[in-house]
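Note that the numbering runs from 1 along the sequence shown for the chain. Here the structure is a predicted model, which means the values were calculated and not measured. FYI, side chains are in, hydrogens and waters are out, and symmetry mates aren't considered; it's all heavy atoms of this structure.
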Amino acid sequence: MQAFILRQNIERFQNLLKAEIGEAERRTIRVLLAAALREQAILLSSREGFEVEIDPLQAALQRRKFRDRFASSFEACLLLDPCKGLNIVDINDAYAAATMTDPARIIGKPIFEALPEDSTDPDADGIANLYASLERVFKRQTDDMMSSQRYDMRRPEGGFVTRFWKISNRPILGQDGRLIYFLQSLEDVTVQTTCGPIWPGQGDNRQEPSRCGRQAPS
């Protein structure tokens with residue numbers, strides 16, 4: 001019932017945004033739509049995931065390959081279980097450093113629990129967009145790129161810090177062609193997104209992300 005209500009609300013909010021309404025009302029509807037999409041993503045991931053059957057032997061093989069290939073890599077990578085919960089299977093040190101997380105605390109947890117969004121930000125759409133990207137990977141069995149996605153990170157001492165990411169989600173397939181895991185890699189593009197590029201001879205005089213523009217340039 002909850003999933004049905006969310007779908008109905010999302011469709012209603014999307015239709016309202018197509019109508020000619022005032023800017024204040026449009027802003028309110030956008031906030032409501034963002035909240036509904038986020039709630040839907042969390043609900044679907046916790047109740048269903050992507051309902052795949054994983055061969056334990058192939059899964060163990062892919063976990064070993066992940067460690068062998070990415071353990072010491074500078075590329076921030078995460079291995080994600082596509083089944084109910086979307087639990088984190090493994091991360092490398094680069095991912096832990098980029099996201100300010102402790103592998104011992106987040107491995108085995110649902111990704112949206114381990115990496116929550118800032119509940120005080122009404123525009124937060126990282127969870128909804130990430131779930132949509134994973135859904136595209138599942139359906140198409142091809143890589144999906146997310147460029148300049150805002151997804152703020154929780155500091156170990158509390159509070160959130162602004163972060164924009166370039167995210168790649170890839171399918172890890174078994175010998176039978178069926179999905180075993182998602183492989184996610186990410187790159188922090190916060191400074192480039194919020195403050196713009198450094199031109200030759202300019203020097204690095206860019207501001208801290210918290211002092212720059214909030215949204216990525218269109």
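- Checked for salt-bridge contact, K139 and E135 meet the test: a charged N lies under 4.0 Å from a carboxylate O.
- Taking the side chain as every heavy atom from C-beta outward, I54 and C83 approach each other to under 4.5 Å.
- Within the 4.5 Å cutoff, the side chain of R170 has heavy atoms near those of the S168 side chain.
- A salt bridge links D188 and R163; the closest N-O separation between the charged side-chain nitrogens and carboxylate oxygens is under 4.0 Å.
- Taking the side chain as every heavy atom from C-beta outward, P116 and R154 approach each other to under 4.5 Å.
- The ring-ring contact (aromatic ring centres under 6.0 Å, His included) search around Y95 returns none, not counting sequence neighbours.
- Residue E20 places its CD atom among 12 or fewer non-hydrogen atoms of other residues, nucleotides or ligands, all under 6.0 Å distant.
- Applying salt bridge (Lys or Arg N to Asp or Glu O under 4.0 Å) to D123 and the options R38, R150, R27 leaves one that passes, R27.
- Applying the salt bridge (Lys or Arg N to Asp or Glu O under 4.0 Å) test to pairs two or more places apart or on separate chains, those with a residue in residues 88-99 are R67-D90.
- Inter-residue side-chain proximity for P82 and Y181 is flagged as met; some heavy-atom pair is nearer than 4.5 Å.
- Checked against a 6.0 Å centroid threshold, the rings of Y131 and F50 count as neighbours.
- One hydrophobic cluster, built from ILVMFWY side chains closer than 4.5 Å, holds both L33 and I21.
- Taking 4.5 Å as the limit, every side-chain heavy atom of I42 sits out of range of all side-chain heavy atoms of E39.
- Inter-residue side-chain proximity for L78 and N92 is flagged as unmet; no heavy-atom pair is nearer than 4.5 Å.
- Cluster annotation: L32 and L6 are assigned to distinct hydrophobic clusters (Ile/Leu/Val/Met/Phe/Trp/Tyr, side-chain heavy-atom contacts under 4.5 Å, transitive).
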